[in-house]
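Encoded as C-alpha cells, the structure appears first; notes follow it.
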Amino acid sequence: MDLGNYASLAHFGPELVLGGGILLLVILDLLMADKRRLGDIALLIAVVALLLIAMEPVTPGAWLFHRMLVFDSFAIFFRALIALAAIVAIWMSIGSEEVLGCDQGEYYAILLASTFAMFLMAESANLLMAYLALEFVSLTSYILTGFLRHNRRSLEAALKYLIYGGVASGTMIYGMSWIFGITGSLDFTVINHALTTPGALPVLAVFISLVLILAGMGYKVASVPFHMWAPDVYQGAPIPITTFLAIGSKAAGFALLTRFFFPALSSLTAAGNWQALKGVDWPELLLFICMITMTLGNLAALQQSNMKRLLAYSSIAQAGYALMGFVVLSNDGIRAMLFYLFAYYVMDAGAFLVVMIVANSTGREDIDAYRGLAWRGGIVPAVALTIFLFSLTGIPLTIGFIGKFYLFAAVIRGRFYLLAIVGVLNSVVSLYYYMRPIKTMFLDTPNGDEGAVTVDFWNYGLMGVLACATIVLGLYWAPVLAFATRSMHFFTGPV
Amino acid sequence: MSGAVGLDHYLVLSLIIFTLGMFTVLTRRNAIGILMGVELILNSANINYLAFAYYGGARYDGQIFAIFVIMLAAAEAVIGLAVVLAIYQNFRTIDVGATENLSG
Amino acid sequence: MDHPVSISIVRYIVVLPLIGAAINFLAGAWLQKTFGKRIISVLGCGVVALAFLLAVREFFAMLALAPDSRFMLDSLWPWIHYGGLDIDIAFWLDPLSMVMTLVVTGVGGLIHIYSTGYMHEDESYWRFFGWLNLFTFAMLVLVLGDNLWLMFVGWEGVGLCSFALIGFWYKVYPNTTAGNKAFIVNRIGDLAFVIALYSLFAALGAVGHPTLVTREVAKYAPMLAGMPGYLGMTMVTFVTLMMFAGATGKSAQIPLYVWLPDAMAGPTPVSALIHAATMVTAGVYMVARMNFMFVMAPATMTVVAVVGGLTALFAATIGIAQNDIKKVLAYSTVSQLGYMFAGLGVGAFTAGVFHLMTHAFFKACLFLGAGSVIHSMGGEQDMRKMGGLRHHMPITFATFLAATLAISGVPPFAGFMSKDEIIWQAFAHGHTVVWGMLMVGAGITVFYMFRQVYMTFFGDFRGTHEQEHHLHESPPSIAYVLVVLGLLSVFGGLVKIPDFIATFKPFETFLEPVFSSPLTRQVVESGIHSRGTEAALGFVTFTMVVLGWLVADLMYRQKTIDPERFSAAFGGVPYNWVLNKYFVDEFYDFTVVRPYLAMTRALAWFDLHVIDGVVNLVATVTVLVAWLSGLFDSYVVDGLVNAASLVTLDVGGRLRKLQTGSINGYLYGILAAVMVILLVRAMLRV
Amino acid sequence: MSHALTLITFIPVAAMVIILSLPPALKDGAKWISAVAAGLQLLIALWIFHHFDTTTTAAQFVDKFAWMPTYHISYFMGVDGISVSMVLLTALICFISVFASFGINRAEKAYYALLMMLDAGMMGVFVSLDFFLFYIFWEVMLLPMYFLIGVWGGPRREYAAIKFFLYTLLGSVLILLAMLGLYFYGAQNTFDMTVLAANASHYTIGFQRVVWIALFIGFAIKIPAFPFHTWLPDAHVEAPTAISVILAGVLLKMGTYGILRVNFAILPAATHELAWLFLGVIGTINIVYGAMCAMAQTDYKKLIAYSSISHMGYVMLGIASFTAAGIDGAVLQMFNHGTITAMLFILVGVIYDRAHHREIAGFGGLAQQMPIYAGMTGFAFFAGMGLPGLSAFISEVLVLIGAWQTYPLMTVFAAATAILTAGYLLWTYQRIYLGPFNEKYKGFADLSFREGFTLVPLAIIVLILGVYPHAILGLLDTSLAHLNQVVLSTPASAIALLH
Amino acid sequence: MLQSVIFYALAAGTIASAAAVAFSRNIVYSTFALLGAFMGVVGIYILLAADFVAMVQLLVYVGGILVLTIFAVMLTQGIGDVTISNRAVGSVPALVTVAIAGAVMLYAIAHTRWHQAALHAAAPTTYGIGNAFLGDYVLPFEVASLVLLAALIGAIVISRHEARE
C-alpha cells in the first residue's frame with residue numbers, strides 16, 4: 001500500500017502527538033509559572049504516543065507519505081522501544097537534580113523532538129528520510145548533551161559529539177550519493193530491486209559506499225570503530241540524556257541499520273535466512289566489527305572508574321552483542337537482536353537510573369561513591385544495581401540472560417562458532433567489571449565520607465519497576481519473545 | 001578524459017573535494033576548522049547528488065537531497081557555533097586539544 | 001567344602017571386642033570417672049575373655065567334625081554386591097583361622113589382663129582398653145573374614161590401632177612420629193596388597209569367576225595357571241608377589257621392617273600384643289591362607305624364603321648391639337618373623353604357622369617380662385643401667401628365662417619345636433642358602449637373647465639408687481600372666497614334636513585341611529623325608545645354639561671377652577653399622593622422605609605460582625590488553641597526529657600530556673578503519 | 001506428594017522470601033526459618049529416598065510442564081538413581097550447614113537468604129532433567145556463592161570470590177554453547193535430557209568431540225579438575241565454614257554429576273573415546289597432584305581443600321573406567337566425599353572460631369585440651385584416608401578395582417596416593433592435635449553441642465555406609481549400569497586405552 | 001567545448017579554494033578560501049542544471065553559514081588573542097591516508113557503471129522542486145521545519161548568556 005499524504009496521517013498519530021507536544025511545551029513554557037509541571041506534561045505526551053503506538057493495528061504494512069516512511073510491525077517495535085526510552089528519560093529528568101537547573105520547557109521540547117526524530121529513523125523507507133531523521137536525532141542529541149551549558153564537561157561533550165557526528169554524517173551522505181548514483185533512486189525498495197537485478201553489480205563501489213554509510217549508522221549505534229564519541233558524551237551529558245542516548249538513540253540506530261542492510265540490501269530466503277548481495281561481503285565486515293566492538297568495549301570498560309563511563313563502554317560492548325544477532329543473517333538472529341535490545345533497554349535504563357540516584361544524593365559518579373552502599377542505607381539501590389549488572393552480564397533469572405541465550409542460539413544455529421567463542425569470552429571478561437561496582441557496594445565497607453543515599457518516591461517506583469521487569473521477564477519472557485517475533489516482519493511492497 | 005564533460009568529471013571533482021575535506025577534518029585542531037572540513041565534505045556529496053540527478057534522470061530526488069543537506073548543514077552550523085560560543089565563554093579557547101577534561 | 005557348616009556363633013567372637021571398644025570410646029571416660037578403673041578392666045578384659053571362651057567352644061565343636069568338613073561360615077549381611085564384587089560381611093572359621101583366633105583371643109586376653117596392672121596409673125585407662133579391644137576386633141576380622149576385602153578391613157584396622165597405640169602417649173612428640181611411621185610404612189605394603197587384590201579380581205573376572213571370597217578364590221585360582229600378568233610375570237606370580245610385598249609391610253620384613261623397632265614407643269603391652277604376638281603375624285597368616293596360590297608361583301616362594309631368611313639374619317645382627325631392652329626384642333621379632341616366612345617360603349606351611357603360635361607365646365612372655373622390668377625400673381629401658389634384677393624379680397626372671405630358652409630353640413621348649421622344624425625343612429626343600437642364613441641367625445639369636453638376660457638380670461645393678469630402692473616384683477595381674485605365658489613357652493610346642501623324636505603332631509594334622517590343595521601337598525611333600533637327616537640337622541642347629549650361648553656367656557656373664565675390644569678388632573666399623581641399624585632409616589630418609597617432601601613443596605609452589613600464575617597471567621594480560629586498547633583509543637592515533645607538531649606545541653611552555661580525549665584521534669579512528677577495510681578489500685579483490 | 005521435587009527445590013525459595021520480609025527486629029528468626037526449611041527439605045529427601053524405585057532407569061517423581069514452548073523449553077524435574085543420591089546429599093549438607101552457620105553475626109538476614117538461594121540452586125541442578133532448566137540452576141548458584149564468600153569470608157575474600165565467579169562463569173558459558181549445539185543439531189530440537197540421550201546416536205563423532213570437550217571444561221572447573229582447580233583453595237580458605245561445607249560437600253559434585261548426566265548420557269561415543277584422557281589421566285593427576293600439594297600446605301583449610309581435589313580425582317577415574325564397579329564407586333565416592341569433607345571443613349571451622357588462625361605450625365597438642373574434638377577429627381581424617389570400615393573405603397575400593405581393569409598403570413598411581421594421603425593427614429593430625437600442648441590455647445572449649453550436632457550425623461552416615469554401602473549403592477546401580485552400557489555399546493572410532 | 005572550459009575553470013577554482021581551506025595556517029584565510037570553494041560549487045551546480053539548489057547554496061552557505069563562521073572566528077579569537085591560529089597537525093600521515101583512500105575510490109569511480117539516463121533539457125527547476133515539496137516530499141519538508149525550530153531553540157538555550165553568578 002502506497003499511502004498519500006492525507007491517508008498516511010492515520011498511521012502517523014504518535015508522531016503527530018509528539019510534534020504537537022513540542023509546540024505545546026514551547027508555548028506552555030511561556031505561559032506557565034511552575035516550570036516543573038512541564039516535565040509531567042512531557043511525560044503525558046510521551047505516554048500518549050506510546051499508547052497510540054500500542055493501538056496501531058498490525059497490518060502487513062504500508063508506505064506513508066509517498067514512500068517516505070514505512071509502516072510495519074518492525075517500525076512499531078522500535079517506536080515502542082523509543083517511546084519507552086523517552087518515558088524513562090523524562091521520568092528520570094523529573095527526578096534529576098542536574099536537569100532541574102535547566103530551562104525546562106526547551107529541555108522537554110527538544111527531548112520530544114529527539115524522540116520524534118528517532119521515530120522517523122525507525123520508519124525511514126528512503127535514503128533522504130534516513131539522512132534527515134538521523135541528522136535530526138543528531139542535532140537534538142547535541143543540544144541535549146550540551147544542555148548543562150555551565151558545565152564544562154557537558155559542553156565539551158556536545159562539541160565532540162557534534163564534530164564527530166558531522167564528520168560521520170558527511171561521510172554517510174557521500175556514501176549514499178554513490179548508492180543513489182548506482183541505483184538511480186533513494187527508495188530502499190528500488191535500491192534493493194536495482195542491486196539484486198541480475199547484471200554487473202559494481203561490487204567495489206557498492207562496498208565502498210556501504211562502508212561510508214556504515215560510518216554514519218555505526219556511529220549512531222556506537223559500534224567500533226565509530227564508537228569513540230560515546231564514552232565522552234555519555235559521561236558529559238546529563239544522566240537522563242545519557243540514558244536516552246544509550247537506549248533510545250542506539251535502538252533507533254539499530255532500526256535504521258537493520259532496515260537498510262536487510263530489506264534494502266538483502267533478500268530473504270524461504271528458510272528464514274537472508275542472502276546478502278553477491279560479492280559485497282558486508283556480512284564479514286560486520287562480523288568483524290561485531291567481534292571487535294564487544295571486545296574493545298569490554299576491555300576498555302575494565303579500566304574505568306567512573307560509573308557513567310563504565311556503563312558507556314559497557315553499552316558499546318552491549319551493542320556488539322546485539323550485532324551478533326545482526327551478522328548471522330537470519331530471522332532468528334534478528335529476533336534475538338530485537339529481544340536483546342528490549343532486554344538492554346530494561347537493564348541499562350535501570351543501571352543508569354541507579355547511577356543518577358546516587359549522583360543526586362552524593363553528587364558523585366565515580367565508583368568510590370558506591371563504597372559500602374549496601375551497608376550505609378542504600379541497600380535497595382544496591383540490590384537493584386546488582387540485578388541490572390548481573391543482567392548485563394547475562395546471568396540467569398534475568399532478562400539479560402535470556403537475551404544472550406537467544407543471541408547465542410542464533411549464532412550457534414548459524415554455525416558462527418568463532419563468534420560464539422568470542423562472545424562467550426567477552427561475557428566472562430565483562431563479568432569482571434560488572435562485578436566491580438557490586439563488589440564495592442557489598443564487599444567494601446564505607447569510609448564514612450560518602451554521603452547518605454536517599455531515593456525519592458518516583459525514582460523508587462521506576463527502579464522497582466525496572467528491577468522487577470529484569471527478573472520477571474527473565475523467568476517469563478514469552479510476551480517479549482512474541483513481540484519480537486511479530487516485529488521481525490519488514491514491509492516491502494512492489495517497486 | 002577527453003571530449004565533453006561527463007559524469008565522471010563531476011565525480012572526480014567531488015572526490016577531490018571530499019578528500020580535501022577529510023584532510024582538513026583530520027589535521028585541524030580548531031573546532032571551526034574541522035567544521036569547515038565537514039562543509040567541504042557536504043559540498044562534495046552535493047556535487048555527487050546533483051551530478052547523478054543530472055545524468056541519472058532522477059532529477060528532483062537528487063536536487064532535493066542536496067537542498068536538505070544544505071539546510072541541515074545550516075542547522076548544524078548554528079548549533080555548532082552556539083556550542084563553540086558557549087565553550088568560549090567557559091574555556092576562553094576553542095582549541096580542541098584543550099578540551100581534555102574527558103579522558104579515558 | 002562347598003557346603004560349609006553354617007553357624008552364627010563366630011560373629012559373637014568378633015563382635016564382643018567391638019562392643020567393648022564401643023563402650024569404652026563412647027562412655028569410657030564417663031564410666032572411669034564415675035565408677036573407677038575397675039569397671040573398665042572388667043569390661044575390657046571381659047569381652048576378650050568371653051570371646052576366647054567362645055573360640056574354645058568352637059574349637060571343640062570343630063574337633064567334633066570330620067577333618068574334611070571343618071569349615072564354618074557365619075554370614076551376616078551383604079556388603080558389596082556391585083560391580084561383580086559379591087562379598088558379604090561374613091566370617092569363615094577353618095583350622096587355620098581357629099588357631100589364629102585362639103592365639104589372638106588367648107594371648108590377647110592375657111595381655112589385656114596384664115595391662116590392667118601395667119597401665120593402672122594412666123589417666124587415659126579407658127582409651128587404652130578401647131584401642132586394645134578395637135585391635136582385638138580388627139585382628140579377628142582379619143583372620144576370620146571370609147573374603148579378601150574383609151580381611152583387608154582387618155588388615156588396615158589393626159594398622160590403625162597400632163598407630164593409635166604406638167602414639168598412645170601422644171604428648172611426647174616422637175611417639176606420634178613413630179605411630180605415623182608405622183602407619184605409613186604399613187600403607188606402602190597395603191598398596192601392594194590391594195594391587196594384588198585388584199589384579200586377582202580382574203584375572204578371575206577374565207576367566208569368568210570374578211570373586212574375592214577366599215574359598216572361591218581357592219576353587220578358581222588353578223584356572224589362572226599360565227595366565228600372563230604384569231611386568232613380564234605370570235598373573236599368579238605377580239599376584240602372590242604383591243601379596244607378599246603387602247606382608248612385608250605388616251610383618252616387618254625387608255625392606256619395610258623399619259617401622260617395627262620405632263613402634264616400641266608404645267606401651268609395652270602393645271608391643272607384646274600387636275608388635276609381637278598378633279598383628280605382625282598377619283602377613284604370615286595371609287601367606288598361609290593363600291598357600292594355594294603361592295605354591296602355583298615357585299618364583300614367589302623362593303622370594304618369600306630368601307627374604308624371610310635374609311630378614312631373620314639381618315635383624316638378628318642388629319639385635320646384637322641394641323641396648324634398649326625393647327629394641328632388642330623388636331629386632332628379635334623381625335628376625336623371628338623372618339623365620340616364619342622362610343618356613344612358608346620353603347613350603348613348610350605348618351611349620352611357619354606353628355612358629356607363629358609358639359612365637360606368640362614366648363615373645364609375648366618376653367615383652368611382658370621386659371615390661372615388668374621397665375615397670376619396676378620406673379620407665380628405664382636402657383639395659384646398661386640394669387643388672388642383677390633376678391634377685392629382685394624372681395618370677396619375671398624365671399619366665400623371661402623360660403621364654404629366652406624357647407626363642408633360642410633349646411629343646412624341649414616351644415621354640416625348639418617350631419624353629420628347628422623350619423630350619424631343617426629349609427634344608428630338606430633344597431634351600432641350602434636359606435638354611436645357612438637361618439642357622440647363623442639361630443646362633444646370633446641365642447647370643448643377643450642371652451646378652452639381654454645377662455645384662456638385665458645378672459651382674460650388679462647399674463642404675464641409680466632411687467631406682468634400686470624401687471625395684472620390686474610386679475603385681476599379681478602381671479606376674480600371673482607371665483607365669484601362664486612362661487608355661488606356654490615351655491610346653492606350648494608339644495603339639496608337634498619332631499619326627500626323629502616321636503611321632504606326635506596333632507597340630508599338623510589339625511591344619512592339614514587348610515593345606516590340602518593338590519599342589520600344596522605336592523610342594524609340602526617334595527622335601528627329603530629322612531629322620532636321620534632331620535636329627536643330624538637338629539644337632540647342627542643345636543651346636544649353633546650352644547655356640548651362641550657360649551659367646552654371650554663369656555662376654556656378658558663371665559666377662560672374659562670384652563665386647564668392646566672385640567668390636568675394636570674390626571676397627572669398630574661393623575659394630576658401628578650394626579649399632580646404627582645399618583643406617584637404613586637414614587637411607588630411607590635421604591632417598592625417599594626428603595626428596596618427597598621437597599617435591600611436594602616444589603609442586604605446591606608450582607601450583608601457586610605456575611598454574612595459578614597462568615590464570616593470573618591471563619587476567620593480567622587481559623587487563624594489559626584493555627589498557628593497551630585504551631591507549632589505542634586515546635594515545636596511539638592521536639600520538640601519531642601529534643608527533644609532528646609536538647615541538648611547536650610545547651614552545652609556549654605548556655607542557656601537557658598527550659591529547660587524551662581529543663577529537664582528531666577519533667576522526668582518525670573512523671578514517672583509518674574505513675581505509676583499512678578498503679585496503680583489505682582492494683587487495684582481496686583486485 | 002505429587003510435586004516432591006518442586007517442593008524440595010522451592011521450599012528454600014519460600015524461606016528466602018520469608019527471611020527477606022522479616023522485620024529487622026526479628027533477624028534471629030532467619031536462622032530458624034532456614035533450619036526449618038532445610039529440615040523440611042531433608043524430610044522430603046528422605047521420603048523420596050524411601051519411595052524411590054531402584055529397579056528402573058526411568059526418571060521418577062516427574063514434574064513436567066511446558067515453559068517456553070517456542071524453544072521447546074520445559075519445566076522438567078525428575079530423579080533417577082544418579083541424582084537421587086545427590087538430592088539426599090544436598091538436603092543433608094544444607095541442613096548441616098544451616099546449623100554450622102549459627103555463628104554468623106553480620107547481616108544475618110542477607111546471609112540466610114543467600115544460603116537458601118544457594119540451596120535451591122543446588123537442588124535444582126540435581127533434579128532438573130531439562131537442560132535449560134539445569135543450566136539456569138547451575139548459574140543461579142553462582143550468585144549467592146559470590147556474596148557468601150565475598151561478604152562473609154576471610155581477609156582475601158574479594159579475590160577468592162571473584163576468582164570463583166570468573167572461573168565458574170567461564171565454565172558455564174561453555175556449557176551454554178554446548179547446550180545450544182546439542183539443541184540445534186540434535187535429532188529434534190529439544191532441551192529434554194532424556195530425549196537428547198535417547199537420540200544420542202544422531203550426533204556425528206566430530207560434533208560430539210567438540211561439544212564433549214566444551215562441556216568437560218565447564219564441568220571440570222567445578223570438580224575441579226587439574227589444571228582448572230586453583231580457584232578452589234582460595235575459595236575454601238576465604239569462605240566461611242558453612243560455605244566451605246557446601247562448596248566441598250555439594251558444589252564439587254555438580255561437575256562430575258554433569259559429566260555423567262550430559263557427557264555420558266548424551267555423548268556416549270565421544271565419552272567412549274575421550275574419557276581415558278580427560279577423565280582417566282586428569283583424574284589420576286588430580287589424585288596424585290592434590291595429595292602432594294596438600295602435603296606442603298601450611299594452612300589447615302587449604303590442606304583440606306587440596307585433599308578435596310585429590311579425592312574428587314577418584315570420581316573421575318572411576319567413571320572413566322567403564323566398569324560397573326568403577327562407576328558405582330565413583331558416584332558413591334561423590335556421596336562419601338560430600339559427607340567426609342563436610343566434616344573436615346566443620347572441624348577446621350571449629351578451631352578457626354576459637355584460635356582465629358589456621359596455621360598448622362601454630363597449634364600443637366590440642367588433643368589434651370579438646371579431646372572430643374580431637375577424636376572427631378581423627379575419625380574424619382581416617383575416613384578421609386579411606387580406612388576400611390568407613391564409607392570412603394568402599395567407594396575407593398570400587399573405583400580402583402574398576403579402574404584397574406581398564407587402566408592398571410593409572411590405578412597404581414591412584415592407589416599409591418593412599419600412602420601420600422595417610423602421610424599428610426597423619427602429619428597434620430600430629431602437628432595440630434598431638435605432641436606437647438601449646439599453652440596459648442588453654443581455655444579453649446571442646447566441641448559445643450551445636451558443633452557436635454553438625455558432626456555426629458555425618459559421622460554416623462560415614463560409619464553406616466562403611467558397613468552397609470547398599471543404602472546408597474542400591475539407588476545407583478541400575479541407572480549407572482544402564483548408563484555404562486550405553487557408553488560401552490557405542491562404538492568409538494578409536495579407543496585408546498592406557499594399558 | 002565552452003562547457004568544458006567553464007567546468008575546468010570552476011573545478012580548478014573550487015579545488016584550489018578547497019586546498020587552501022585544507023592547507024592554510026591561518027583560520028581567517030581558511031574562512032575566505034571556503035567562500036571561494038562555495039562559490040565554485042555554486043558554479044558547478046549551475047552547470048548541472050540545478051539553478052534552485054545553486055541559489056539555495058548561495059543564500060544559505062555564502063550568506064548564512066559562512067557569515068556565521070566568520071562571526072564565530074572573529075568573536076572567539078579576534079580580540080585580545082594574539083595568535084590567530086589554525087594550527088594543523090600530523091599532515092603527512094593524514095595526507096597518506098586520504099591519498100590512499102582517494103586512490104581506491106578513484107579506481108571505483110572509474111570502474112563503475114553508474115545509473116545514467118537521457119539528459120534533460122536544462123530548464124528552471126524551481127517550480128518542480130516547489131511542487132515536490134508540497135507533494136511527494138511534504139513530510140521531509142515539514143520535518144525540516146521542526147529541525148530548524150529545534151536547532152533554533154537549542155542554539156538559543158546553549159549560547160544564551162544570561163546574567164548570573
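Below, chain A is the first sequence line, B the second, and so on; all start at residue 1.
With a 4.5 angstrom heavy-atom cutoff, C:L597 touches chain D only via side-chain atoms. With a threshold of 4.5 angstrom between heavy atoms, D:D234 approaches chain C through side-chain atoms but not through N, CA, C or O. Residue contact with chain D, scored on non-hydrogen atoms closer than 4.5 Å, is absent for C:S124. Contact annotation for D:Y433: only backbone heavy atoms (N, CA, C, O) come within less than 4.5 Å of a heavy atom of chain C. For a residue to count as touching a neighbouring chain, one of its non-hydrogen atoms must lie under 4.5 Å from one of that chain's; by this rule D:F437 does not touch chain C. In this structure, the portion of D:F393 lying under 4.5 Å from any heavy atom of chain C is its side chain and not its backbone. No part of C:L150 comes within reach of chain D, as not one of its non-hydrogen atoms sits under 4.5 angstrom from that chain. Looking at D:L480, there are no atoms closer than 4.5 Å to chain C (heavy atoms on both sides), in backbone or side chain. For C:P78, the part lying near chain D is the backbone, with the side chain staying farther off; criterion is any non-hydrogen pair under 4.5 Å. Contact annotation for D:L473: both backbone and side-chain heavy atoms come within less than 4.5 Å of a heavy atom of chain C. Both the backbone and the side chain of C:I611 come within contact range of chain D, judged by heavy atoms closer than 4.5 Å. Only the side chain of C:L212 comes within less than 4.5 Å of a heavy atom of chain D; its backbone N, CA, C and O stay farther away. Residue C:W77 touches chain D through its side chain alone, counting heavy-atom pairs closer than 4.5 Å.
With rounding to the nearest 0.5 angstrom, the CG atom of D:D328 is 12.0 Å from the CD1 atom of D:I472. Rounding to the nearest 0.5 angstrom, the gap separating the CG atom in D:L366 from the CG atom in D:D446 is 10.0 Å. In this structure, D:C293 SG and D:Y306 OH are separated by 5.0 Å, a value rounded to the nearest 0.5 Å. Taking CZ of D:F226 as the start and CD1 of D:I282 as the end, the distance is 8.5 Å to the nearest 0.5 Å. Taking CH2 from D:W404 and OH from C:Y230, the interatomic distance works out to 5.0 Å, rounded to the nearest 0.5 Å.
Here the options are C:F25, C:W126, C:F168, C:Y170, the test is ring-ring contact (aromatic ring centres under 6.0 Å, His included), and the partner is C:W131; only C:F25 passes. Exactly one residue among D:F382, D:W427, D:F381 makes a ring-ring contact (aromatic ring centres under 6.0 Å, His included) with C:F183. That residue is D:F382.
Residue with the most contacts toward chain C among D:G375, D:A294, D:A418: D:A418 (heavy-atom pairs, distance under 4.5 Å). Your options are C:L85, C:I188, C:V194, and the one with the most heavy-atom pairs under 4.5 Å with chain D is C:I188. Comparing D:D477, D:V467, D:N484, D:L476 by heavy-atom pairs within less than 4.5 Å of chain C, the highest count is held by D:V467. Between chain C and the options D:A403, D:P469, D:P371, D:A324, the largest number of non-hydrogen pairs under 4.5 Å is found for D:P469. Contact tally against chain D (heavy-atom pairs below 4.5 Å) for C:I89, C:L191, C:L608, C:L197: the top residue is C:L191. In terms of non-hydrogen atom pairs under 4.5 Å with chain C, the most contact-rich of D:T323, D:L420, D:T411 is D:L420. Taking chain D as the reference chain and counting heavy-atom pairs below 4.5 Å, the highest number among C:R601, C:E156, C:R127, C:H81 is found for C:E156. Taking chain C as the reference chain and counting heavy-atom pairs below 4.5 Å, the highest number among D:L434, D:L400, D:L426 is found for D:L426. Note on C:W155, C:F163, C:Y596: by heavy-atom pairs under 4.5 Å with chain D, the leading option is C:Y596. Note on C:A602, C:S199, C:G84: by heavy-atom pairs under 4.5 Å with chain D, the leading option is C:S199.
Here the side chain of D:T406 pairs a donor or acceptor atom with the backbone of D:S321 at under 3.5 angstrom.
A salt bridge does not link C:D607 with D:K302: none of the charged nitrogens is closer than 4.0 Å to a carboxylate oxygen.
Taking the side chain as every heavy atom from C-beta outward, D:S391 and D:F335 never approach each other to under 4.5 Å.
Under the 3.5 Å distance criterion, with hydrogens and angles disregarded, a donor-acceptor pair is assigned to the side chains of D:H470 and C:Y82. Side chains of C:T177 and D:Q430: a donor-acceptor N/O pair is present below 3.5 angstrom, by distance only. Between the side chains of D:T230 and D:Y167, at least one donor N or O sits under 3.5 Å from an acceptor N or O.
More than 12 heavy-atom neighbours from other residues, nucleotides or ligands sit within 6.0 angstrom of CD on D:E439.
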